[in-house]
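Below: the structure, in C-alpha cells.
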There are 4 protein chains.
Amino acid sequence: MLNRVILIGRLTRDPELRYTPSGVAVTQFTLAVDRNFTSQQGQREADFIPIVTWRQLAETCANYLRKGRLTAVEGRIQVRSYDNNEGRRVYVTEVVADNVRFLESNRSEGGGSYGGQGDGYSRSEGQRAGNNDDPFSDDGRPIDISDDDLPF
Amino acid sequence: MLNRVILIGRLTRDPELRYTPSGVAVTQFTLAVDRNFTSQQGQREADFIPIVTWRQLAETCANYLRKGRLTAVEGRIQVRSYDNNEGRRVYVTEVVADNVRFLESNRSEGGGSYGGQGDGYSRSEGQRAGNNDDPFSDDGRPIDISDDDLPF
Amino acid sequence: MLNRVILIGRLTRDPELRYTPSGVAVTQFTLAVDRNFTSQQGQREADFIPIVTWRQLAETCANYLRKGRLTAVEGRIQVRSYDNNEGRRVYVTEVVADNVRFLESNRSEGGGSYGGQGDGYSRSEGQRAGNNDDPFSDDGRPIDISDDDLPF
Amino acid sequence: MLNRVILIGRLTRDPELRYTPSGVAVTQFTLAVDRNFTSQQGQREADFIPIVTWRQLAETCANYLRKGRLTAVEGRIQVRSYDNNEGRRVYVTEVVADNVRFLESNRSEGGGSYGGQGDGYSRSEGQRAGNNDDPFSDDGRPIDISDDDLPF
DNA sequence: TTTT
DNA sequence: TTTT
C-alpha cells in the first residue's frame, strides 16, 4: 500500500556497480546510519542498511558516491528471500532507492546533489513506467534470469 | 533537495476536478489530519491541509474520493505566491500529491487503494518525465497561461 | 543521522505480546505491504516487514491489532545481528515503531487510531527519554540480559 | 492521524530565537528546498518553507544553524489561522520540527548533527509529554497568551 | 566485514 | 524578502 523510507548516513565502502545478464545497471552499497542515542556503555552505534539502485540512478551513484560520503536516500523496503546452497531459505532486506542526494561532493563544494529527476532522467521507478521493452519485472528483479544471476 | 510529506486524514468535502486551459486535469481537496493531542480545553483539533493532484491521478481521485473518506497522501510541499487583486502578495502552501491511497472504499470493502503506479500509469511526477509535449512546466503550473487561469 | 519509515499494510497474524526478563512489554507482528505493481505473471506481491513495538505502545498494539487489520506504522529501520546456535552470524532487519495507527477498528467503526501520544503516553521513544530507571538501553534492547533473552 | 514531513535544504537567513511571555524558547527560520526540476526557462527553483522549533531544540538551532547551511528537518505540517489587524483571516502554514540535523557544521568538520534526542534531551514533542507545568498547550501554542503574543 |  |  504505502512503503516509504528516508535515510541519511555515510557509505561504508565505495559503491559496487554491476550489470544483470540482460545489461541493466545495478549499484549496491551500505549506508551507516548513526542512531540518535548511545548505548549504556557510551559507544556510538549505527544501523548498517543495504541500499540498491537501478538503471540510470545506479550509474550516477557509482560515478559520484564514495566511501564515507554523507548521503540521503529515499526509497522503499524490500524483503526478498531465496534458498541458499545449503537448501536453507535466506531473507534479505534492503532499501530500493528511487532518489539519492549527495550531501557532500568530491571537493567539499558543499551540498552537491542528484535526484534521478529533472535532468532528463526521472526517478528510477517513474522511469520504468514508460519503458516497455524492459528486461525487468516491476519489482526491480530480472525476469529472464534466475535469482542466482542477481548481481548481489 | 529532498521534500517529502506523508499524511493520513479525511476529506473535508468532495474533491474538485477542473481542467487547465490546455486541458490538463487538476483535482484539489482538503485533508483534515487529526493532531495526536487535544488542546487544553480538550477539544479535538486537526490541521486542514490543501492537496493538489494532476493528470491521471487527478481523475482517479475525482472518481473515487468522497467527503469523509480516510485517505493517505504522499507528496511534496509546494509554496506558491501570486499578487491578488488588491496588489498584495499572497502565499499559498499546498501538498502536491504523487501517490494517493484510498483507505476506505465506497461499500466499506475495506482498504481499496490506488497509487498512480503499476496499473499503466506511473506516479504523476514520473509520468510527466517522459511526456515532452507537456503543456505544463515541471512545477505543475501551466506555462502557457497566467496565474489567473490556474484552476484553484 | 536520520532514519524514518512509514508503512501501510495488513497484519499477517495476531500480534505477539511478550515480556523481557525485566518486565518490559514487547509486541512483534508482521505487516504485509502490497507493492504498487504486479509481477510479469500478474500475481499480487507484497513485502512482509517485521515490526517491533515497546512498552505502552506494545500493550496497545497487542490489545487492539488483529490479523488482517489495515494499519499504518511509523518508525525506524533497525539491523541487529546475533550468532545462532550453529555459530553463524544472523542479521535481522525490522522496523522499530514509535507510532501506530489503527486504520480499521473492530466493528468497522472506521478509522479508529492510536498514536502513543497525546493520551498520557508519549511516543515510545520520547517516553524512554525521561525514564531513568529504565531496564533498557536506548536502542530498545535490554541491558541486563543477554541476547538469548530477547523475546524474539 | 499521521502527519510527517522530511526536508533537506538551506537556511535563507540566520535563525531567529525568541521567547514567549511565559519564557518558552521558539526559533523560526526558512528552509530553501530546491526543486528537482528546472522550469521551462531553465531557472533554478525552490520552495521556501517556514520552520518552527520549540524549547531545547529551538535553542540548539539558534546556536548552531546559520544562513546557507545545509540542514535536514523532520516534523509535521501545521496550519494556523488568525485575524489580522484589518479583520481578515490569515492562514499560516509551517513545519513544526521535532528533529533537525546539521549537515554542514561551522568549520566543515563534516556532517555534525543534532537530533534533540539521545543526548539528555528527547525530541521536542516527546519532551513535552512528561512536562506538566507546561505553559503551552500541546499544539505548541501558548495557552495563557493571545495570538498577538506569539513570537512570530 | 562496516561510515564520520 | 529568500539558500548553494
Side-chain angles (χ1 to χ4, degrees), chain A residues 7-16 28-36 38 43-51 65-73 94 101-115 152, chain B residues 1-3 77-83 88-91 93, chain C residues 1-3 77-83 88-91 93, chain D residues 7-16 28-36 38 43-51 65-73 94 101-115 152:
Chain A
L7 306 170
I8 299 180
R10 292 182 186 278
L11 273 79
T12 61
R13 294 161 163 255
D14 286 357
E16 288 180 49
Q28 206 270 353
F29 56 90
T30 295
L31 213 61
V33 181
D34 286 333
R35 293 180 181 167
N36 297 333
T38 40
Q43 66 228 10
R44 203 72 167 304
E45 293 187 41
D47 291 286
F48 296 93
I49 302 174
I51 313 291
L65 285 178
R66 288 293 171 272
K67 176 179 174 175
R69 295 280 166 73
L70 190 67
T71 306
V73 165
E94 54 210 352
R101 297 286 156 186
F102 308 157
L103 303 176
E104 285 173 0
S105 40
N106 285 345
R107 309 117 169 288
S108 81
E109 308 147 15
S113 78
Y114 171 82
F152 45 85
Chain B
M1 297 275 299
L2 188 148
N3 181 338
I77 300 180
Q78 175 174 266
V79 181
R80 292 185 294 126
S81 68
Y82 63 93
D83 299 311
R88 214 196 294 265
R89 175 127 272 174
V90 179
Y91 290 88
T93 303
Chain C
M1 297 277 297
L2 189 150
N3 181 337
I77 299 179
Q78 175 174 267
V79 181
R80 291 185 294 126
S81 68
Y82 64 93
D83 298 313
R88 215 197 291 264
R89 176 127 272 173
V90 178
Y91 289 88
T93 303
Chain D
L7 305 171
I8 299 180
R10 294 183 184 277
L11 273 79
T12 61
R13 295 161 163 253
D14 286 357
E16 289 180 48
Q28 206 271 353
F29 55 90
T30 295
L31 212 61
V33 181
D34 286 334
R35 293 180 181 165
N36 296 333
T38 40
Q43 67 227 10
R44 203 71 169 304
E45 292 187 42
D47 290 286
F48 296 92
I49 302 175
I51 313 291
L65 286 178
R66 289 293 170 269
K67 176 179 174 174
R69 294 280 166 73
L70 191 68
T71 305
V73 165
E94 55 211 351
R101 296 286 155 186
F102 308 157
L103 302 176
E104 286 172 359
S105 41
N106 285 346
R107 307 115 169 290
S108 78
E109 307 147 15
S113 76
Y114 172 83
F152 46 85

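Please read these numbers as outputs of a predicted model, since none were measured by experiment.
A stacking contact links A:F48 to E:dT2: the aromatic ring centre lies within less than 5.5 Å of the base's six-membered ring centre, and the planes differ by less than 30°.
A sub-4.0 Å separation between OP1 or OP2 of E:dT3 and a side-chain N or O of A:R69 is absent. For D:R13, no side-chain nitrogen or oxygen approaches OP1 or OP2 of F:dT1 to under 4.0 Å.
Applying side-chain contact (heavy atoms from CB on, under 4.5 Å) to A:I8 and the options A:V33, A:L70, A:V73 leaves one that passes, A:L70.
For the pair D:K67 NZ and F:dT4 P, the computed distance is 6 Å after rounding to whole Å. We find that CG of B:D83 is positioned 13 Å from C1' of F:dT1, with the value rounded to whole Å. A:L31 places its CG atom 12 Å from the C1' atom of E:dT4, with the value rounded to the nearest Å. Residue A:L11 contributes atom CG, which lies 10 Å from atom P of E:dT4 at whole-angstrom precision. Across the protein-nucleic acid pair, A:F29 atom CZ and E:dT2 atom C1' stand 14 Å apart, rounded to whole Å. B:M1 places its CE atom 11 Å from the C1' atom of F:dT3, with the value rounded to the nearest Å. Atom pair A:E94:CD and E:dT2:P shows a separation of 20 Å (rounding to whole Å applied). Taking atom CG of A:L65 as the reference point, atom P of E:dT4 lies 14 Å away to the nearest angstrom.
In this structure, the nucleotide among E:dT2, F:dT1, F:dT3 sitting nearest to the side chain of B:Y91 is F:dT1. Considering only the side chain of D:D34, F:dT3 comes nearest among E:dT2, E:dT3, F:dT3. For A:R10, the listed nucleotide lying nearest its side chain is E:dT3; candidates were E:dT3, F:dT3, E:dT2.
Using a distance-only test at 3.5 Å, with no hydrogens or angles considered, no donor-acceptor pair links the side chain of A:R35 to the main chain of A:E45.
In this view, A:D34 and A:R44, A:A46 satisfy the side-chain contact (heavy atoms from CB on, under 4.5 Å) rule, not counting sequence neighbours. The side-chain contact (heavy atoms from CB on, under 4.5 Å) test applied to D:P15 returns D:L11, D:T27, D:F29, D:L65, D:R66, not counting sequence neighbours.
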Exercise for the section: Take D:F48 and D:T30 through the test side chain to side chain contact (heavy atoms under 4.5 Å, CB included) and record every step on the way to the result. Expected result: CA-CA 6 Å; D:F48 296 92; D:T30 295; 3.9 Å; yes
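Across all strands, D:G68 comes closer than 4.0 Å only to sugar-phosphate atoms, never to a base (heavy-atom distances).
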